[in-house]
Amino acid sequence: MAEASLPMSRRLLLGLTGGVAVYKAAELARLLIHDGMDVQAVMTESACRFVGTATLQALTGRPVFTDLWDTSIANSMAHIDLSRHVDAILIAPASADFIAKLANGLADDLLSTLCLARDCPLLIAPAMNRQMWENSATQRNLSALRRDGVLILGPASGVQACGETGMGRMLEAHELAETMHAFFQPKLLKGKRVLITAGPTYEAIDAVRGITNLSSGKMGYAVTRAALEAGAEAALISGPVCLEAPPAAKLVGVVSAEDMLAAVKKELLHADVFISVAAVADYRIKSASKQKTKKTDNNIKLELIPNPDILEFVAGLPNPPFCVGFAAETENLEKNAEAKRRKKKLPLLAANLAQEAIGAEDCAMTLFDDSGRHRLSKAPKIEQARRLIKHIALLLEQQKP
Ligand code: C5P
């Protein structure tokens, strides 16, 4: 399997219009370049009043275009040429005035003209005062843009540069950079429904105590994001974690393994793929107390009974979805992982070393399938998740009659 799942270098035209949030766009340009994108900045006259072209030029390593009548472009067709050499246009910040221009097809400066002349997707990140955002004229313009297929990113709510609080803050640079990265991922699972379990389960001993497994949920949440980026519908059944789920996923929060199994059964009906990332507790307490048990000086004994194996249950169904298991091992990684895959009858299992992976931001991973093992070098979990999704898509493709 080809390891890198990053699409080839993407070319983005970053349009900046007049607003204080232009300073965030400078940081955005830096992040996009860092992510390996090729960024061409185009600024309106008002944008240049907030940040100079020299800043964007230094960050992108390219001259910044501002003028419809730029004579440095050989055929004087800047408005056509610039939009022909990019995979998408992102306007950040998009001012209320610029949104109005886009909605009405105006083309009276370089940026609005090349938006009108484009043959690539257009995304905008609005930034404006909350009253301007709420104004029915702006909302009307946004509806028109949505109908025209323009993707609108944000805005967020919060304290604004003018001192007021409300909707209209441009998304943060890192959020926009992540969105662009996601936007450019190949839609390998378009039309598929993916069910993911993530995080630990918690098995109560009494009202305030319990046993659990170490799991941050980071990998399961990254897999959910990667599935969404690949165009799938995703349902995420999560044990207790401190993470924010991707807004586009259907999130079902659970506590115990029995809860998780019940939720999986409910969500399973239409799933094409089941990815079991959760660190499910293998045992639960036979008779958990509803009250807080009083402390004594005596030893106590807890009787543990096995929890159902959720993945084994799903994989054993007469018509199972494509099942993917995870294994975190402390030793004999490959032997244990392959044995687990065979026991649970899984077409694919992802394994890593527990001591390296739990709670970490990066991890190495090995995939086991019928054709053997595939080593994935250490990478951030989101990148590892994208590689996993790519491998799943490949195996699904191979399964087709
Ligand atoms: O715990 P174990 O190493 O066997 O986990 C292997 C795989 O089985 C993981 O994908 C995990 O989510 C799943 N599993 C499960 N239910 C359990 C135990 C494990 O679904 N009770």
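Values below: all heavy atoms of this structure, side chains included; hydrogens, waters and symmetry mates excluded. For the single chain, residues carry numbers from 1 onward in sequence order. Just follow the structure's listing: the first ligand is 1, and inside any ligand the first atom is 1. Note that the structure is a prediction, hence the values are computed from the model and not measured.
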Residue contacts for ligand 1, heavy atom to ligand atom, distance under 4.0 Å: Ser276, Ala278, Val280, Asp282, Pro308, Asp309, Ile310, Leu311, Gly325, Phe326, Lys340, Lys344

Stacked cation flag Lys340 on Phe368, 6.0 angstrom / 45 deg: no

Donor-acceptor side-chain pairing of Thr138 and Asn135 below 3.5 angstrom: no

Would you name the heavy atoms of [X] and [Y] that are closest together and state the gap between them?
X      : Y      : result
Leu195 : Ala271 : CB-CB, 4.0 Å
Leu116 : Ala107 : CD2-CB, 3.8 Å
Ile196 : Gly220 : CG2-O, 3.8 Å

Counterpart residues, side-chain contact (heavy atoms from CB on, under 4.5 Å), relative to Ala278 (two or more places apart): Thr197, Met260, Val280

